Amino acid sequence: MSLFNYKLSELQDKLHTKEITVSDLVNESYARINEVDDDVKAFLTLNEEAARAKAKELDGQAPSQSLFGLPIGIKDNIVTKGLRTTCASQFLSNFNDPLYDATVVQKLQDANAINIGKLNMDEFAMGSSNENSSYFATRNPWNTDYVPGGSSGGSAAAVAAGEVFFSIGSDTGGSIRQPAAFCGVVGLKPTYGLVSRFGLVAFASSLDQIGPVTRTVEDNAHLLQVLAGHDKMDATSANVDVPSYKDSLNQGVKGLRIAVPSEYLGEGVNPEVKEAVLQALKVYEDLGATWEEVSLPHSRYAVAAYYLLSSSEASANLARFDGVRYGVRSEKAENMIDMFKLSRSEGFGDEVKRRIMLGTFALSSGYYDAYYKKAQKVRTLIKNDFEKVFENYDIVIGPTTPTPAFKVGEIIDDPLTMYANDILTIPVNLAGVPGMSIPCGFSSEGLPIGLQLIGKHFDESTIFRVANAFEQATEIHKKTPVLGGVK
Amino acid sequence: MAEISKEQVKHVAHLARLAITDEEVEKMTEQLGAIIKYAELLNELDTDQVKPTTHVLDLKNVMRKDEPRKWINKEDALKNAPDQENGQFRVPSILE
């Protein structure tokens, strides 16, 4: 049996008993990449030489740290010292030698995880399909005619295809949960502030959050344990105690009160997705939980508010890409302003330009109150919706996405339809609460369907407990994708 | 809010320091117009008495002590630059 069928804790046991070596794990990871990545296209940059050297070094040591010897993939908007970091943008195609590691990368190294390489994404994390990568589109391992979701599509596809044991993504409006749903893996967006954003190339600073993508819920808890915690290098990092997530895994759901927003099962939600969610709720009933329909009345305004806010923040964050200190510079420019304009126009792709333009417009003189401030106020209403529901319920459950994965090229030229794909994940980012996607079924075409679990601020423990109960009671997570379709 | 015009799109592109072609102006006018029109949905809500949320956490600005510490050196700071000379970033001349 492939090593990829084991949980992280089982692999650790095998390392402890010397049944396998770290080099075995790293070899298996690169062998699988060689076997399938021409089809999946999850990786932008491999770290093979350094990873193999690190594996050899660890082979001589006794396993001690929590991720000892385990191969990981890292989304390419997370800075890695000395390893090319492009954000899947032509603008950073020559950014081969970043000067420092992101805090999460440092934590992974301290835990002795092995960085296998950098994973493809939508350019600067803007997109819901991975088709906005300026290098190539990643494909869905369940059927390569379909998108893996975005923007952490590479992170989800690499885990689903068994190329790495786990990966790190980032989630601004659903960018971990939506691809996790499309690829049938477990993806968590932690509470805003729980995981340091130092070294994450910022898209929308008040919404971005780094999180783990794994095959199982237990693995996800294992990884979050390493990533979570206060960081003095990040002014938005929360100074809160990090509980033991492992302790919460097997506490069961007896007596748990589940809220199911009527807006999350209404118009626009695919019948197969709705049915899979209702079946999951039946599982929870059988396990002793109760559920009731509730309302998150401002959900329908979330997408509009999100695109105004995130694009505004993006327009400010991406102003730093000026062709002076790093990145590409246009050779056509004759003066300073032209240098900025031409470098940015040649370096950024269409979606990035579109959002910079939208954000600049929303922040420009005369429009700030009408768009940006209005959206901030609607954000308050959306946050209040969640807080009200959590007064009476332990967790909110619904679908992660309105539909299963769509075909490559199907809606790429229709920004509004593409944006609507994030309609069920965006409110979670606006409210700053944690959300997880776990596989809960398959469509008639054999594509995974994601169940979204949303918790109170800093209550990841309840999410792990609820997600693990479902995983233990069902066999869905055990199904693995068979690669096929077009190249 | 009136429809977004091509002139507005050109002005916004200048503010955003983006050079855009006439073809892109056409496309952006249409696409931004559609997104802005969609955003008008927010006007259904009366938010006069609602406070804006800029940040979900109750953050306080923490100032560190003003002490020198090690960070990158000049060589490191310059090594990813597309153009450099004599230990400085080189850019097109500003003065004629």
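Values in this document were obtained by computation on a predicted structure and should not be read as measured data.
With a 4.5 Å cut-off on non-hydrogen atoms, A/Ala319 does not touch chain B at all. In this structure, no portion of A/Phe321 lies under 4.5 Å from any heavy atom of chain B. Interface residue A/Ser364: only side-chain heavy atoms are found under 4.5 Å from chain B. Contact annotation for A/Asn384: neither backbone nor side-chain heavy atoms come within less than 4.5 Å of a heavy atom of chain B. When heavy atoms are compared at a cutoff of 4.5 Å, A/Leu308 approaches chain B solely by way of its side chain, counted from C-beta outward. Of the two parts of A/Leu430, only the backbone, made up of N, CA, C and O, holds a non-hydrogen atom closer than 4.5 Å to a non-hydrogen atom of chain B. Looking at B/His11, neither its backbone nor its side chain comes within 4.5 Å of chain A, counting heavy atoms on both sides. Both the backbone and the side chain of A/Met336 come within contact range of chain B, with heavy atoms under 4.5 Å apart. Interface residue B/Glu24: only side-chain heavy atoms are found under 4.5 Å from chain A. Heavy atoms closer than 4.5 Å to chain B are found nowhere in A/Thr191, neither backbone nor side chain. Both the backbone and the side chain of B/Leu18 come within contact range of chain A, with heavy atoms under 4.5 Å apart. For a residue to count as touching a neighbouring chain, one of its non-hydrogen atoms must lie under 4.5 Å from one of that chain's; by this rule A/Glu346 does not touch chain B. In this structure, the portion of B/Leu57 lying under 4.5 Å from any heavy atom of chain A is its side chain and not its backbone. With a 4.5 Å cut-off on non-hydrogen atoms, B/Lys51 touches chain A through its backbone but not through its side chain. Both the backbone and the side chain of A/Lys353 come within less than 4.5 Å of a heavy atom of chain B. For B/Arg90, the part sitting under 4.5 Å from any heavy atom of chain A is the backbone (N, CA, C, O) and nothing else.
In this structure the side chain of B/His14 reaches within 4.5 angstrom of the side chain of A/Lys341, judged on heavy atoms. At least one side-chain heavy atom of B/Val9 sits under 4.5 Å from a side-chain heavy atom of A/Met357. Using a 4.5 Å heavy-atom cutoff, the side chains of A/Phe91 and A/Val352 are not in contact. The shortest distance between side-chain heavy atoms of A/Glu460 and A/Pro190 falls below 4.5 Å. Using a 4.5 Å heavy-atom cutoff, the side chains of B/Glu40 and B/Ile36 are in contact.
Interface remark: of the candidates B/Thr21, B/Ile20, B/Thr54, B/Ile72, B/Thr54 forms the most heavy-atom pairs closer than 4.5 Å to chain A. For the set B/Val56, B/Leu41, B/Asp58, B/Ile35, the count of heavy-atom pairs under 4.5 angstrom toward chain A peaks at B/Val56. Here A/Thr380 is the residue among A/Thr380, A/Ile356, A/Asp322, A/Leu309 with the most heavy-atom pairs under 4.5 Å with chain B. Ranking B/Asp83, B/Leu32, B/Leu45 against chain A, the residue ahead of the rest is B/Leu45, based on heavy-atom pairs under 4.5 Å. For the set A/Leu207, A/Val303, A/Asn94, A/Ile382, the count of heavy-atom pairs under 4.5 angstrom toward chain B peaks at A/Val303. Counting heavy-atom pairs closer than 4.5 Å to chain B, the top residue among A/Phe348, A/Phe340, A/Tyr326 is A/Tyr326. For the set A/Ala431, A/Ala370, A/Ser205, A/Ala362, the count of heavy-atom pairs under 4.5 angstrom toward chain B peaks at A/Ala431. Top candidate by heavy-atom pairs under 4.5 Å with chain B, chosen from A/Asp350, A/Asn335, A/Asn96, is A/Asn335.
Environment of CG in B/Asn73: crowded, with over 12 heavy atoms of neighbouring residues, nucleotides or ligands closer than 6.0 Å. Counted within 6.0 Å of NZ on B/Lys79, heavy atoms from surrounding residues, nucleotides or ligands total more than 12; the atom is thus considered enclosed.
Summarising the geometry, atom OG belonging to A/Ser343 is positioned 13.0 Å from atom CZ belonging to B/Arg17; distances are rounded to the nearest 0.5 Å. A distance of 12.5 Å separates CZ in A/Arg197 from CZ in A/Phe203, rounded to the nearest 0.5 Å. The distance from the OG1 atom of A/Thr172 to the CD1 atom of A/Ile426 is 10.0 Å, given to the nearest 0.5 Å.
For the ring-ring contact (aromatic ring centres under 6.0 Å, His included) test, no residue two or more places apart in sequence or in another chain qualifies with A/His230. By the side-chain hydrogen bond (donor to acceptor under 3.5 Å, both in side chains) test, A/Asn239 is found to be paired with no residue, residues two or more places apart in sequence or in another chain being considered.
Looking only at atom types and distance, the side chain of A/Ser299 has no donor-acceptor partner in the side chain of A/Asp385 under 3.5 Å away.
Remark: A/Glu351 engages A/Arg355 in a salt bridge, criterion side-chain N to carboxylate O under 4.0 Å.
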